[in-house]
Novice: 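One structure, pasted below without further comment.
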Amino acid sequence: MIRVLFVCLGNICRSPIGEGSFRAQVMRAGLSASFEIASAGTAGYHAGEPPDPRSVAVARRHGVDIAQQRAAQVNATTLRSYDEVLAMDTRNLSDLRRLIPQGAARPRLGLLLDELEGPRGREVPDPYYGGSRGFDEVWALVDQATAALLQRLIREHKLEGKGR
Ligand code: 4NP
C-alpha cells in the first residue's frame, strides 16, 4: 500500500483537487487497491468543511466528484503514516518540514510541481482570493503533476496498471 497525502494551507481549494485528480487517475489505471489517498491543510481554519464550491465545480467539469471530502489539519502523527507527501507551495513545504523529525525515513516530502519536468520550485498558486479562472489554472497544473506522480510511483513500485 502506498499512502499519498496532498497538502495546502486550508485544505479547501488546492489539495482537495490534488486528492481528487490523483484518485481518478489511480482508478482509471486500475490501481485503487495499491493506494491510500488523502489531503490535509497546514492550518485548521476550515477543518470539517467541504471543499470550496469553485474547487468542486472545476473538478466536476473534469468528471471528478470531490464534494464528499472534508477538510482536516495535518499534524506530526498523521504525517508519519504517509509515504509520499506533496505540498502545493514552499510555505506549505517548510511548515511540513517542521513537523518531521530530523533524519526520519518517512514521509518523502516535496513540492507537487517538482513531479514535472522543468524548473524546480514551482508552486501551485493559491486561488482563494481570485476568480474561477484561478481554479482552472490550478486544475491544469495539478492534474498534469498528479499524472507524473502516478507514473513515478508505478515505476518505483513496479506496479502493474491497466496502461494509460
Ligand atoms: P487552499 O486555499 O490552501 O488551497 O485550501 C486557501 C483556503 C483558505 C484560506 C487560504 C487559502 N484562508 O485564508 O482561509
Side-chain angles (χ1 to χ4, degrees), residues 2-29 31-32 35-75 78-79 82-100 107-153 164:
I2 308 167
R3 295 173 178 83
V4 181
L5 181 70
F6 296 89
V7 177
C8 61
L9 176 62
N11 192 209
I12 56 168
C13 296
R14 292 166 293 174
S15 59
I17 288 175
E19 177 183 339
S21 102
F22 188 64
R23 176 172 289 120
Q25 296 187 44
V26 164
M27 267 167 64
R28 283 199 294 271
L31 291 171
S32 298
F35 286 93
E36 187 180 304
I37 304 162
S39 64
T42 56
Y45 334 119
H46 295 282
E49 295 179 15
D52 187 288
R54 297 166 295 178
S55 285
V56 174
V58 75
R60 187 174 291 134
R61 287 199 290 280
H62 292 275
V64 178
D65 182 7
I66 64 168
Q68 305 312 312
Q69 293 185 27
R70 292 295 177 266
Q73 184 175 15
V74 70
N75 62 42
T78 55
L79 208 49
Y82 288 91
D83 303 301
E84 300 273 344
V85 175
L86 291 309
M88 297 291 157
D89 64 37
T90 52
R91 184 178 154 203
N92 306 149
L93 188 62
S94 58
D95 287 344
L96 288 167
R97 285 218 170 98
R98 263 186 261 125
L99 293 173
I100 300 176
R108 174 181 169 147
L109 178 58
L111 286 172
L112 176 62
L113 296 190
D114 278 352
E115 299 297 330
L116 296 171
E117 303 284 320
R120 307 284 84 191
R122 289 175 69 204
E123 304 184 300
V124 180
D126 185 345
Y128 187 61
Y129 292 106
S132 73
R133 287 265 296 281
F135 287 76
D136 289 320
E137 185 190 353
V138 168
W139 179 275
L141 284 169
V142 167
D143 196 50
Q144 276 183 55
T146 55
L149 170 67
L150 180 56
Q151 292 310 311
R152 172 170 72 78
L153 294 175
R164 308 186 67 179

Novice: Any pair with a residue in residues 50-63 that passes side chain to side chain donor-acceptor pair (under 3.5 Å), sequence neighbours left out, goes on the list, sorted by first then second residue, please.
Specialist: D52-R54, R61-D136, H62-W139
Novice: I need the T146 OG1 to L149 CG distance, nearest 0.5 Å.
Specialist: 7.0 Å
Novice: Does some side-chain heavy atom of I12 sit less than 4.5 Å from a side-chain heavy atom of Y45?
Specialist: no
Novice: Any ion pair linking R133 and E137 (charged N to carboxylate O, less than 4.0 Å)?
Specialist: no
Novice: In Å and rounded to the nearest 0.5 Å, what is the CZ to CG distance from F22 to L150?
Specialist: 5.0 Å
Novice: Over all heavy atoms of both residues, which pair between Q73 and A40 is shortest? Give the atoms and the distance, please.
Specialist: C-CB, 4.4 Å
Novice: Does a side-chain heavy-atom distance below 4.5 Å link P16 with N11?
Specialist: yes
Novice: Sorted by first residue and then second, give each side chain to side chain donor-acceptor pair (under 3.5 Å) pair with at least one member in residues 110-121; sequence neighbours left out.
Specialist: E115-R152
Novice: Would you check if I2 and E36 make a side-chain contact, meaning some heavy-atom pair closer than 4.5 Å?
Specialist: no
Novice: Let's go through D83 and V4 carefully: what are the C-alpha distance in whole Å and the side-chain angles of both, what is the deciding distance for side chain to side chain contact (heavy atoms under 4.5 Å, CB included) to 0.1 Å, and is it a yes or a no?
Specialist: CA-CA 6 Å; D83 303 301; V4 181; over 6 Å; no
Novice: When rounded to the nearest 0.5 angstrom, what is the spacing between CG in L111 and CG in L93?
Specialist: 5.0 Å
Novice: With V138 as reference, evaluate D126, I17, D143, V58 under the side-chain contact (heavy atoms from CB on, under 4.5 Å) test and give the passing residue.
Specialist: I17
Novice: Looking only at side-chain N and O atoms, does N92 offer a donor or acceptor that is under 3.5 Å from a partner on D89?
Specialist: yes
Novice: Once rounded to the nearest 0.5 Å, what's the spacing between atom CD of Q151 and atom CD of Q25?
Specialist: 8.5 Å
Novice: Looking at residues at least two apart in the chain, or sitting in another chain, which of them share a salt bridge (Lys or Arg N to Asp or Glu O under 4.0 Å) with R108?
Specialist: E84, E156
Novice: Using the rule side-chain contact (heavy atoms from CB on, under 4.5 Å), only one of L79, V85, L86 pairs with Y82; which is it?
Specialist: V85
Novice: What distance separates M88 CE from L141 CG, expressed to the nearest 0.5 Å?
Specialist: 10.0 Å
Novice: Closer than 3.5 angstrom, by distance alone: can the side chain of Q69 be matched with the main-chain N or O of P51 as a donor-acceptor pair?
Specialist: no
Novice: For R23 versus I37, what's the shortest heavy-atom pair and its separation?
Specialist: NH2-O, 2.8 Å
Novice: Between G20 and V64, what is the shortest heavy-atom contact and its length?
Specialist: O-CG1, 3.5 Å
Novice: Can you name the nearest heavy-atom pair linking L112 to F6, along with the distance?
Specialist: CD1-CE2, 4.0 Å
Novice: If we ignore angles and hydrogens, is there a donor and acceptor under 3.5 Å between the side chains of T90 and E123?
Specialist: yes
Novice: Rounded to the nearest 0.5 Å, what's the gap from NE2 on H46 to SG on C13? Could you check?
Specialist: 7.5 Å
Novice: What's the shortest heavy-atom distance between F35 and V26, and which atoms?
Specialist: CD1-CG1, 3.6 Å
Novice: Check for a donor-acceptor pair, side chain of D95 on one end and backbone N or O of T42 on the other, with a separation under 3.5 Å.
Specialist: no
